[in-house]
Amino acid sequence: MSEEQIKSLEADFDARIARDEKIEPKDWMPEKYRKTHIRQISQHAHSEIVGMLPEGNWITRAPSLRRKVALLAKVQDEAGHGLYLYSACETLGVSRDELYEQLHSGKAKYSSIFNYPTLTWADMGAIGWLVDGAAIINQVPLCSTSFGPYARAMVRVCKEESFHQRQGFEIMYKLCNGTPEQKEMAQDALNRWWWPSLMMLGPTDAESVHTEQSMKWKLKRKTNDELRQQFIDQTVPQADILGLKIPDTDLEWNEETGHYDFGEIQWDEFWQVVKGHGPCNKERLNARKDAWEKGAWVRDAAMAYAEKQSNKKIEKVV
């Protein structure tokens, strides 16, 4: 393909993006666009799969049968989200085995938030309220992202994440209206998850190496800092309803801007976790690799069954 032809295709592609048209897998796209989407969608999928681990170990310890069933359903939803997103990523020409290999080898990243431990039952409420709340703010704009399969997958994901957020808030509400010890446990969970939740929305716009290009391609509709401010403005009033105190002495409503001012985020901690030095990085990755290795017989059995059924169909036709 000549340089002139490539320029013409790029111009057509940019025009489609400007018109808010969806780019589909068989459409021509710049190689950088394809690789950027593989990176982001796979990172999102990995986050959903690894995200099951901090909550999964509380299913058997949930305080009631109702809580067990609800948490089990949530973890199942997250597995489904990962599968939707892996499927969307495969349309870009990358195999699922390759995506798994990237995760297990440490080449691919997932959300830093899942490298923190879940110490008490209140953490299940904090994760639903804060982590899923931040995820919704980040993911709702993705329902109108430029790559069709990703945008369509996100519609269902966001609906289910909204339920998860309400479930988490309800857990916190019950704890805050229970015994003094239960409210103290809720406050402790908020203290530990508040700052990591702000960090999970990504580095500041000045430090983000992907935001500008992602905005240009309409992969993102808002910058990391805009999303973070939206999350804070939305969540602080919810903490007031619960009777909990946000662990930020610099948090204050600014009448001039119409937003909350907030304290400095410790980005050194964020980068340490991203680089693999968080409290649970090794534990999470080892758990995923162990599950993959021990689940090999299930995959082999499923493939053998599928082959057997296919052979039966061929025999009937013959």
Side-chain angles (χ1 to χ4, degrees), residues 9-52 74 76-96 98-100 102-103 108-111 113 131-166 200-202 205 208-228 230-231 234:
L9 288 170
E10 288 177 344
D12 290 341
F13 177 85
D14 291 341
R16 292 186 63 190
I17 295 292
R19 294 194 299 267
D20 272 335
E21 291 183 17
K22 289 287 182 282
I23 306 300
E24 299 298 339
K26 292 184 179 180
D27 295 341
W28 184 90
M29 64 186 74
E31 182 63 13
K32 189 174 180 181
Y33 178 90
R34 188 183 75 85
K35 288 183 176 180
T36 295
H37 275 77
I38 289 175
R39 177 188 58 78
Q40 175 154 335
I41 299 173
S42 64
Q43 180 175 311
H44 190 168
H46 299 327
S47 299
E48 296 285 356
I49 298 300
V50 176
M52 295 188 291
K74 181 186 179 185
Q76 180 176 286
D77 283 349
E78 289 164 350
H81 297 171
L83 296 179
Y84 305 152
L85 295 167
Y86 282 134
S87 295
C89 207
E90 285 177 307
T91 67
L92 290 162
V94 61
S95 71
R96 195 167 303 198
E98 187 177 349
L99 296 174
Y100 288 148
Q102 291 172 357
L103 172 63
K109 303 297 183 185
Y110 55 86
S111 180
I113 195 76
V131 176
D132 292 328
I136 291 167
I137 284 176
N138 188 40
Q139 293 170 12
V140 165
L142 293 174
C143 294
S144 57
T145 191
S146 60
F147 186 57
Y150 193 19
R152 290 188 287 273
M154 290 312 302
V155 173
R156 179 167 180 174
V157 170
C158 286
K159 288 180 179 178
E160 293 177 350
E161 291 289 2
S162 179
F163 173 77
H164 300 164
Q165 194 271 346
R166 292 195 297 273
M200 73 173 282
L201 290 163
D205 295 343
S208 176
V209 296
H210 301 295
T211 294
E212 184 178 353
Q213 186 64 71
S214 294
M215 295 285 285
K216 178 183 176 182
W217 282 331
K218 298 187 178 179
L219 172 53
K220 294 185 69 166
R221 300 284 177 156
K222 293 183 178 180
T223 69
N224 295 346
D225 287 340
E226 288 173 334
L227 293 170
R228 194 169 5 259
Q230 182 182 343
F231 172 72
Q234 172 183 297

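Numbers for residues simply follow the sequence, beginning at 1. Note that the coordinates shown come from a computational prediction; the quantities given were computed from them, not determined experimentally.
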| request: May I ask you to decide if Gly202's main-chain N or O and Arg228's side chain share a donor-acceptor pair within less than 3.5 Å? | output: yes
| message | Under the criterion side-chain contact (heavy atoms from CB on, under 4.5 Å), I'd like the reasoning laid out for Leu201 against Asn224: C-alpha separation, chi angles, the key distance, then a yes or no. | response | CA-CA 6 Å; Leu201 290 163; Asn224 295 346; 5.5 Å; no
| message | Counting only heavy atoms not in Glu21 (residues, nucleotides, ligands), do more than 12 fall under 6.0 Å from its CD? | response | yes
| For Tyr100, which residues count as a side chain to side chain donor-acceptor pair (under 3.5 Å) partner, sequence neighbours excluded? | none
| field | Residues Ser87, Arg96; criterion side chain to side chain donor-acceptor pair (under 3.5 Å); working and verdict | value | CA-CA 8 Å; Ser87 295; Arg96 195 167 303 198; 3.0 Å; yes
| From CG (Leu219) to CD1 (Ile17), nearest 0.5 Å | 9.5 Å
| Are Met154 and Tyr150 close enough that some pair of their side-chain heavy atoms sits under 4.5 Å apart? | yes
| Which of these, Leu103, Leu99, Leu85, Val94, sits in a side chain to side chain contact (heavy atoms under 4.5 Å, CB included) with Ser42? | Leu99
| task | Answer with yes or no whether the side chains of Ser146 and Tyr33 bring together a donor and an acceptor at under 3.5 Å. | result | yes
| query | Does Ser47 use its side chain to pair, donor to acceptor, with the backbone of Ser111 at less than 3.5 Å? | reply | yes
| Is Lys22 paired with Asp27 through a side-chain N to carboxylate O contact shorter than 4.0 Å? | no
| said: Using side-chain heavy atoms (C-beta onward) and a distance below 4.5 Å, is Glu78 in contact with Ile49? | reply: no
| Between CG on residue Asn138 and CD on residue Gln230, distance to nearest 0.5 Å | 10.0 Å
| request: Could you tell me whether the side chain of Asp225 and the main chain of Asp205 form a donor-acceptor pair under 3.5 Å? | output: yes
| Side chains of Lys35 and Leu92: closer than 4.5 Å at any heavy-atom pair? | no
| query | Would you find more than 12 non-hydrogen atoms of other residues, nucleotides or ligands less than 6.0 Å from Gln213 atom CD? | reply | yes
| message | Walk me through whether His164 and Asp77 qualify under side-chain contact (heavy atoms from CB on, under 4.5 Å). | response | CA-CA 9 Å; His164 300 164; Asp77 283 349; 2.9 Å; yes
| For residues Thr145 and Arg221, is any side-chain donor paired with an opposing acceptor at under 3.5 Å? | no
| Does Glu212 come within less than 4.0 Å of Lys216, counting only side-chain N to carboxylate O? | no
| note | dist Arg34:CZ -> Ile38:CD1 (nearest 0.5 Å) comes out at 4.0 Å
| note | Interatomic distance, CE@Met29 vs CD1@Ile23, rounded to 0.5 Å, equals 7.0 Å
| message | If I compare all heavy atoms of Ala18 with all of Lys218, which pair ends up nearest, and what's the gap? | response | O-NZ, 3.4 Å
| Pairwise side-chain contact, Phe147 with Trp217, heavy-atom cut-off 4.5 Å (strictly under) | no
| remark: When rounded to the nearest 0.5 Å, the distance separating CD1 of Ile41 from OH of Tyr84 is 15.5 Å
| Are the side chain of Lys109 and the backbone N or O of Gln43 linked by a donor-acceptor pair below 3.5 Å? | no
| request: Decide yes or no on side-chain contact (heavy atoms from CB on, under 4.5 Å) for Glu161 and Glu48, but give the supporting numbers first. | output: CA-CA 11 Å; Glu161 291 289 2; Glu48 296 285 356; 3.4 Å; yes
| said: I'd like to know whether Arg152 forms a salt bridge (charged side-chain N to carboxylate O under 4.0 Å, His left out) with Glu24, so could you lay out the CA-CA distance, the side-chain angles of the two residues, the decisive distance to 0.1 Å, and finally the verdict. | reply: CA-CA 11 Å; Arg152 290 188 287 273; Glu24 299 298 339; 2.9 Å; yes
| Neighbour count above 12 (heavy atom, 6.0 Å) for Lys222 NZ | no
| Can you find a side-chain donor-acceptor pair between His44 and Tyr110 that sits under 3.5 Å? | no
| request: Could you check Gln102 against His46 for side chain to side chain donor-acceptor pair (under 3.5 Å), going step by step and ending with a plain yes or no? | output: CA-CA 10 Å; Gln102 291 172 357; His46 299 327; 5.1 Å; no
| task | Apply side-chain contact (heavy atoms from CB on, under 4.5 Å) to the pair Leu142 and Gln40, showing each step before the final yes or no. | result | CA-CA 11 Å; Leu142 293 174; Gln40 175 154 335; 3.8 Å; yes
| Do side-chain atoms of Ser144 reach the backbone of Pro141 as a donor and acceptor pair under 3.5 angstrom? | yes
| query | Checking Ser162 side chain against Cys158 main chain: does a donor-acceptor pair fall under 3.5 Å? | reply | no
